[in-house]
Amino acid sequence: MQLYKSQALKVYNSLSGKKEIFEPINEGAIGMYVCGPTVYSNVHLGNCRTFMSFDMIFRYFKHLGYKVRYVRNITDAGHLENDAEDGEDKIAKKARLELIEPMEVVQRYTVDFHNILQKFNFLPPSIEPTATGHIIEQIEIIKDILKKGYAYEINGSVYFNVPKFNESHNYGKLSGRKLEDMIANTRELAAQDEKHSPQDFALWKKAEPQHIMRWPSPWGDGFPGWHLECTAMSTKYLGESFDIHGGGMDLKFPHHECEIAQAEACNGVEPVKYWLHANMLTMNGKKMAKSTGNNILPDEIFSGENSILSKAFSPTVVRFFMMQAHYTSILDLSNDALLASEKGYQKLMEAVNSLENLETTSSSDFNVEAWKQKCYDAMNDDFNTPTLIAHLFEAVKHINAIKEGNETITQSDKALLIETLNAFIFDVLGLENKNDANADSDKLSGVVTMLIQLRKEARDNKDFATSDKIRDQLAALGIQLKDGKEGTTFSVS
RNA sequence: GGCAUUGUGGCCGAGUGGCUAGGCAGAGCUCUGCAAAAGCUUGUACAGCGGUUCGAAUCCGCUCGAUGCCUCCA
C-alpha cells in the first residue's frame, strides 16, 4: 500500500489563504509546475531557496508513493525589462552587452543553473521545458484568447484586456487585489502607452528592427510576453487543470495572477488546484535580488570567497540551514546562522554514522514507531521541515543515550530507526552525509592514522611532550584529533 | 498611498487557547595525563496598549516596527 493512503497531508493554498487537505485531481498522481529561472545571469542563493523548497516537496510526494510529473521551466526568452514601449528582452539585453548570441547567454547560464542545483543535491524535474521551444504553443493560445475576445491587437503587439476579463471573472483573486483599487491607485498615466488600460499585459510584443530575439507570428515578427510561456507549458504537459503550481512569493503578482487570467480566458476552467508560494531569502534583512545587487552566489559560499561569511560552507550545510526554516517564512542569511547550522548538521551526522554499531537488547526505551509518526505529522503539516528536524534531534538524543548504555533498543526498533532516519534525512530533506571533502584523500588519511598511532604509543609511555607535539602541530595544520572511547579520529577544517 | 505577510529568549527558528519545540552560543557536570572532541543537565521569551475568555505568545482591536508586492525579480 502506498504511504499516502495512510498519511493525511495538508498544504497551505495561497488561493484560499488556508491550509487544505491535499487531494490530487487524479488519485495517486500529481502534476506540479514550478516557475523556473530566467537564465540571463548566474543563479543566486535566493533563487536556490525557492527551487530547494519545491525539491523537498517533490521528494516528499515521491516518498509518499505518488507518481509525480514535475515540470520546471527555463525562461530563455520573452522576459521584458519593463512594460514600456521600448521594453527589451532580458536575454537579448545581456547578449547585446556581452556581444554574444542570445542563445549563448541562455546556454551559459542554464549550464550554471544545473551545476549549482547538482551541488545542492537536487532531483531533476520530470520535464524542463524552455520558452523558446514553445513559441508555437504560445501563439496558438494568443489566437484563442483573441478569438474569445479577451485580447486586442495594436501595432503588431497583442495585449490581454484585463478590464474585459474582470467583467466575467475575478482578476486579482490570488493576490487579494481588486481591479478598481488598482485603477484608483495608478500613480501616473504611463506615457503614451499603447495599452488600453495600465493593467493590461502583453501577450505578444512587436520586435523592433534592432531586436535580435524574434519569431514570425500572425501579427508580424515579435516575441511572447513573459506570463504566457508558463500557461503554454503547464497546459501542454499537465493539462488545463492540474494539482500544484509553485513559485517564489514575488511572482504571485502579477505573474501568477496573469497566468490564471490567461488560462481561464483560454480554457474556461480554474487552472490550478493548489497554489504554493515559497518565501524570500533575505540577506542583511533585505530581499536578495539580482537587480539590486544584494545577493550572494552559491559558489561564493562553497569557496568562502565572499565578504559576508567568515568561512566556506558546504552545499549540504546550506541545504540544512534552509530546511531549518519553514518554506513559507522569510529566512535571513547570516554568518552566525550558518555556523549554528553547520554544528547542528555535524551533530546529526555523527549520530547517523554511529547507528549501525548500536547494541541491541530485548527491550526498547525508545518508542520508535510513535516517533516515526511524529515525523510524518510534521511533514504532513504543510511540509514543516523545522519541526521534522526537531524530531530528528530527539532521535539523536536517544541514539546517544543508547550509545552510553543509558537506554536500550531492540533489533527491530533499531532497523526501523535506521530506515526512518535515512528516509527523512537523505530522501526527503535531500541532505548528504559528507564529512569534509578535503579529508577524502586516502594518502592524507593514511598519514594521519600513522601519526595517531605514534601519538598513542607516546601516550602509553607517558611521553606527553611527544604526544602533545603531534596533536598541536596537526592542529596548526587544521587537522583536529578527537579522542574517544573507541580510539582517536580526526577531522580536517 | 493600496494590498499582503510578519514582529518569539544572546543568535537562528517552530508552535498550539491551558501541557518541553529544536539547533547554536552561555553556564555546570562526565570523560581525559592536560586539553580538545563527544555526551549529559540547565536558565532567560513571546513588540506595546486595550478587549474576549476561568485561562492567550496563540482570538479581536489599536499603536509602533519590519518585510514583500503594486515596474523586472525565486
Side-chain angles (χ1 to χ4, degrees), chain A residues 14 17 34-38 40 43-54 75 79-84 87-88 90 93 172 175-178 181-182 184-187 190 198-199 226 246-255 257 277-282 285-292 295 320-321 324-326 328-348 350 354 378 381 384-394 396-397 399-401 403-404 406 459 462-464 467-468 471-472 475 480-485 488-491:
Chain A
S14 303
V34 171
C35 292
T38 305
Y40 66 99
V43 63
H44 70 247
L45 197 67
N47 299 307
C48 292
R49 150 117 120 143
T50 295
F51 302 131
M52 193 181 289
S53 296
F54 289 102
T75 296
H79 207 153
L80 300 182
E81 268 294 290
N82 58 55
D83 232 352
E88 186 175 14
K90 281 196 169 180
K93 182 180 179 187
S175 52
R177 288 157 209 251
K178 288 190 166 32
D181 295 344
M182 287 164 58
N185 286 317
T186 304
R187 293 182 205 125
Q199 282 70 41
W226 170 39
M249 210 57 133
D250 50 350
L251 297 185
K252 207 171 181 181
F253 187 90
H255 183 54
E257 203 71 72
H277 287 100
N279 218 138
M280 301 293 101
L281 178 72
T282 60
K286 295 281 181 197
K287 178 191 172 188
M288 263 192 212
K290 290 170 188 167
S291 52
T292 60
N295 66 60
F320 182 73
F321 162 72
Q324 274 185 303
H326 189 82
T328 59
S329 296
I330 292 171
L331 175 63
D332 193 55
L333 180 85
S334 70
N335 195 51
D336 286 351
L338 277 173
L339 284 170
S341 288
E342 184 172 53
K343 283 287 194 76
Y345 165 80
Q346 285 163 352
K347 184 174 174 180
L348 182 63
E350 296 233 4
S354 67
D381 184 15
N384 196 325
T385 52
T387 299
L388 168 68
I389 289 172
H391 295 328
L392 297 180
F393 279 106
E394 191 191 321
V396 168
K397 199 167 243 192
I399 291 166
N400 288 331
K403 225 185 330 186
E404 301 278 315
N406 296 328
R459 292 177 73 200
K462 303 243 187 284
D463 178 7
F464 298 125
S467 69
D468 287 358
R471 179 223 283 164
D472 296 343
Q480 187 188 31
L481 298 186
K482 299 175 178 180
D483 294 332
K485 274 198 177 123
T488 302
T489 57
F490 72 98
S491 68

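Naming convention: chains lettered A, B, ... in sequence-line order (proteins, then strands); numbering from 1 in each chain.
- Ranking B/G23, B/A74, B/C40 by closeness to the A/Met288 side chain, first place goes to B/A74.
- B/C62 and B/G48 make up a base pair, with Watson-Crick or G-U wobble contacts both under 3.5 Å.
- B/A47 and B/U58 have their P atoms separated by 7 Å, given to the nearest Å.
- Although no hydrogens or angles enter the test, the distance criterion places a donor-acceptor pair under 3.5 Å between the side chain of A/Glu257 and the main chain of A/Ser175.
- Atoms CZ and CZ, on A/Arg459 and A/Phe464 in that order, are 7.0 Å from each other to the nearest 0.5 Å.
- Here the P atom of nucleotide B/A4 and the NZ atom of A/Lys178 are 9 Å apart, to the nearest Å.
- Looking at A/Asp381, its side chain never comes within 3.5 Å of a backbone N or O of A/Asn384 through a donor-acceptor pair.
- B/G65 sits 22 Å from B/C59 when the P atoms are compared, rounded to a whole Å.
- Interface remark: the A/Asn384 side chain does not form any donor-acceptor pair with the B/G13 base, using a distance-only criterion of under 3.5 Å.
- If you check B/G33 for Watson-Crick or wobble pairing at under 3.5 angstrom, you find it has no partner at all.
- As a whole-Å value, the separation of A/Lys286 NZ from B/A66 P is 8 Å.
- Not one side-chain nitrogen or oxygen of A/Lys347 sits closer than 4.0 Å to the OP1 or OP2 atom of B/A37.
- Taking side-chain N and O atoms only, A/Lys403 has no distance below 4.0 Å to OP1 or OP2 of B/G39.
- Residue A/Phe464 and nucleotide B/G33 are classified as a stacked aromatic pair, their ring centres being separated by less than 5.5 Å at an interplanar angle below 30°.
- Judged by atom type and distance alone, A/Asp336 does not reach the base of B/A25 through any side-chain donor-acceptor pair under 3.5 Å.
- Residue A/Thr38 has a polar side-chain atom (N or O) positioned under 4.0 Å from OP1 or OP2 of B/A74.
- You'll find that the side chain of A/Asp468 is closest to B/G33, out of B/G33, B/U41, B/G39.
- Pairing of B/U42, defined by two Watson-Crick or G-U wobble distances under 3.5 Å, is identified with B/G26.
- The P atoms of B/U8 and B/G48 are separated by 10 Å, rounded to the nearest whole Å.
- In this structure, B/C19 makes no Watson-Crick or G-U wobble pair, since no nucleotide meets both defining distances under 3.5 angstrom.
- Of the candidates B/A25, B/G22, B/A14, B/A25 carries the atom nearest the A/Lys343 side chain, counting heavy atoms from C-beta on.
- Closest to the side chain of A/Ala390, out of B/G33, B/C12, B/G22, is B/G22.
- At a cut-off of 3.5 Å, with distance as the only test, a side-chain donor of A/Thr282 or A/Asp332 sits close to an acceptor on the other residue.
- An OP1 or OP2 oxygen of B/U5 is reached within less than 4.0 angstrom by no side-chain nitrogen or oxygen of A/Lys252.
- Atom pair A/Leu333:CG and B/G13:C1' shows a separation of 14 Å (rounding to whole Å applied).
- Mapped onto RNA chain B by nearest heavy atom, A/Gln324 and A/Asn47 fall at different nucleotides, with A/Gln324 at the one closer to the 5' end.
- One can place CG of A/Asn406 at 19 Å from P of B/C29, the figure rounded to the nearest angstrom.
- In this model, no side-chain donor or acceptor of A/Arg177 finds a partner on the base of B/C70 within 3.5 Å.
- Across all strands shown, the partner of B/G1 is B/C70, judged by Watson-Crick or G-U wobble contacts whose two distances both fall under 3.5 Å.
- Here A/Ser329 reaches the OP1 or OP2 of B/A14: one of its side-chain N or O atoms lies under 4.0 Å away.
- A/Gln480 has its CD atom 7 Å from the P atom of B/A38, to the nearest Å.
- The CG atom of A/Asp250 sits 14 Å away from the C1' atom of B/U5 (whole-angstrom rounding).
- Note: CD (A/Gln346) to P (B/G39) measures 11 Å, nearest angstrom.
- As judged by a 4.0 angstrom heavy-atom cut-off over every strand, A/His255 is placed among residues making no nucleic acid contact.
- When heavy atoms are screened at a 4.0 angstrom cut-off, A/Ser467 is found touching base atoms of the nucleic acid.
- The 5' end of RNA chain B is approached more closely, in terms of each residue's nearest nucleotide, by A/Ser175 than by the other of A/Leu481 and A/Ser175.
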